[in-house]
Structure formats: C-alpha cells, structure tokens
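I have placed the structure first, in the form of structure tokens, so that the comments after it can refer back to it.
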Amino acid sequence: GRGFVLGSSDAAPPEDEVVPEGPPPRYPPIGVSAPLLSLSRLVDAPWSSPTAPGAFATSVIADRHAGTSSVQGVVRGSGGVGRVGFDASLATSATGERSADDAAWLGLRVRTVRLGLSELEHGLGVRVGLPATPTGAATRIEPSTSLGGVSGRASWLVTAGARLRAEDTEARASVPAAQGFVTAGATYEPTPLVRGYALVDAHVLGKQADDPTRGRAGVTVGAEAGARVFGGLAARVSPWSDVAAPVSVQLAIGYRAP
C-alpha cells in the first residue's frame, strides 16, 4: 500500500510514432546495357527496355563486307528519373568505304506499366537521328514501344517501332521514307556477374528509288560481364549481305550507375 509505480510501457507504439522504412526495392534490369549495333543505316535498330538503364558505354563494331574490313566506334549513354528515361548515342564514320549510320541519336522513353519487381514492364519511346557528318543520312524520327519482364535469372524483351525520314535531300545518304522493325530476345545470368543474351531482329525496308520493299533479319548472341565496370562481346549473323555484313562483331566497355 506504500509502494509506487516504477515504470510502464504500451504493448503497441503510439499511432503517431514514425516507423522507419526499409531500403527502396531494387528492380532487376531487363535486357542488357550495350546491345550490338550493326554497321548499317537500315538494320541497326536498338533493343530498348521500358526502363532506361543507368549506363555509359563505348563500343567498337567491326565487320567484313565484299572483301573489305570496316570498323566503327559508338559512344552511348542512358539514364532516367522515375518513369522517364533518356538515351543518346554518337557514331563515328566507318573506316574504308563501308556505308554505316554515322549519326547522333537522342531519345526519350516513358515506362507506362511496372508489375512487381519488374515481372512485367511496358514503355513508349521516341528517338531522333541527326546526321553527324556532311554525307550522313537525313534526319529521322523513330517511335517505338517495348514490352519485357524478369523471371528469376532470366529476362525477356520485345521492341517494335518504325523509322520515318523527316527530310528528303539528295546531299544526304539514301534511306527509306519509312521502315519498320522488331527485335525480340532473352537474357540469362549463370552468375550475378555474367549475363548472356540472344535476340532476333526483323525489318521491313521501304522503297529506295527503284528498289522494291524488302524484308531482312539477323540473329545476335552475346554476353556482358562485370558489375559497375563491365565488358561486352557480341556477334550478329544474317543470310543477307546487301544492307549489312553477313557477320558483325562488337566489343564494348562501360560503367553502370549504382
């Protein structure tokens, strides 16, 4: 009867107490950071994911066409904030007399859907291709859509779009007024530091002068290794040699943002 309360506590924290949140979820990437680009103005359509990866890469592409070897360098980068992504690339002229896409491409993409931890994503994008040399192809506009997802160690990705010529001038390299493309493939990670991939690209090329409408396609296999600093090696083969070499090889090195 002469005692007093030494202390007390509640079974649950007060409602106004702020419970610290855990770290934000980490969304696994879809596709790869630096997919192969052909030495061609017609079949070098990109394999683009709905979410732009935070990465910068330098690539060297080489092929052998009509008995002549050619090399081209490409610098590219991408990143984003929230749903909105940005990407840019700049290609040099190819060595020798090879006809390649020496252009600067600027792109914007918006992710429209994301389910779970990137189990399914959809996005819309548009790129503008500007001539980087006096004889480069005319300005082009490239709207596209992409759909992909992650399942365990694997991911899949489909990109479809069109290229529309924004101007017509004889001083520029000839490209179709309109063309369409689809790139579809998958990746697999045997270890966290290695990601292999394979994809198929298909194109419907519009008429150029007296040339008829044509369909072209190719198959690419490759791998990227590394975490922040990474390297990539890929090769593309195609049964056609009129708009791209039968075999193209790309070596890339880059950096991924944390």
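Along the sequence shown, residues are numbered consecutively beginning with 1.
For A94, the side-chain contact (heavy atoms from CB on, under 4.5 Å) partners at least two apart in sequence or on another chain are L39, Q72, R98, A100. Applying the side-chain contact (heavy atoms from CB on, under 4.5 Å) criterion to P143, with sequence neighbours excluded, gives I141. Listed by chain and number, the residues in a side-chain contact (heavy atoms from CB on, under 4.5 Å) with P53 are S49, S78, R109 (sequence neighbours excluded). Remark: V219 pairs with V200, V237 by the side-chain contact (heavy atoms from CB on, under 4.5 Å) rule, at least two apart or across chains.
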Carefully, step by step, assess V74 and I61 under the rule side-chain contact (heavy atoms from CB on, under 4.5 Å). CA-CA 8 Å; V74 178; I61 306 104; 3.6 Å; yes
Apply side-chain contact (heavy atoms from CB on, under 4.5 Å) to the pair T112 and L124, showing each step before the final yes or no. CA-CA 7 Å; T112 58; L124 299 173; 4.2 Å; yes
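Proximity of P131 to T139: side-chain heavy atoms (C-beta onward) are separated by under 4.5 Å at one or more points. By the 4.5 Å heavy-atom criterion applied to side chains, T95 and S69 are not counted as neighbours. Taking the side chain as every heavy atom from C-beta outward, S38 and L36 approach each other to under 4.5 Å. For the pair R26 and L117, the minimum side-chain heavy-atom distance is 4.5 Å or more. Here the side chains of F86 and L106 are not in contact, with every heavy-atom distance at 4.5 Å or above. Side-chain contact between E142 and W105 is present, with heavy atoms from C-beta onward closer than 4.5 Å. In this structure, V32 and T187 have side chains that are in contact, with non-hydrogen atoms separated by less than 4.5 Å.
Residues T145 and H122 bring a donor and an acceptor atom of their side chains to less than 3.5 Å of each other.
Taken from CG in D44 to OG in S89, the straight-line distance is 8.5 Å, to the nearest 0.5 Å.
A side-chain hydrogen bond (donor to acceptor under 3.5 Å, both in side chains) check over residues 247-258, counting only residues at least two apart or in different chains, returns the pairs S33-R256, R76-Q250, E224-R256. Among pairs with a residue in residues 227-236, those fulfilling side-chain hydrogen bond (donor to acceptor under 3.5 Å, both in side chains) read D201-R236, at least two apart in sequence or across chains.
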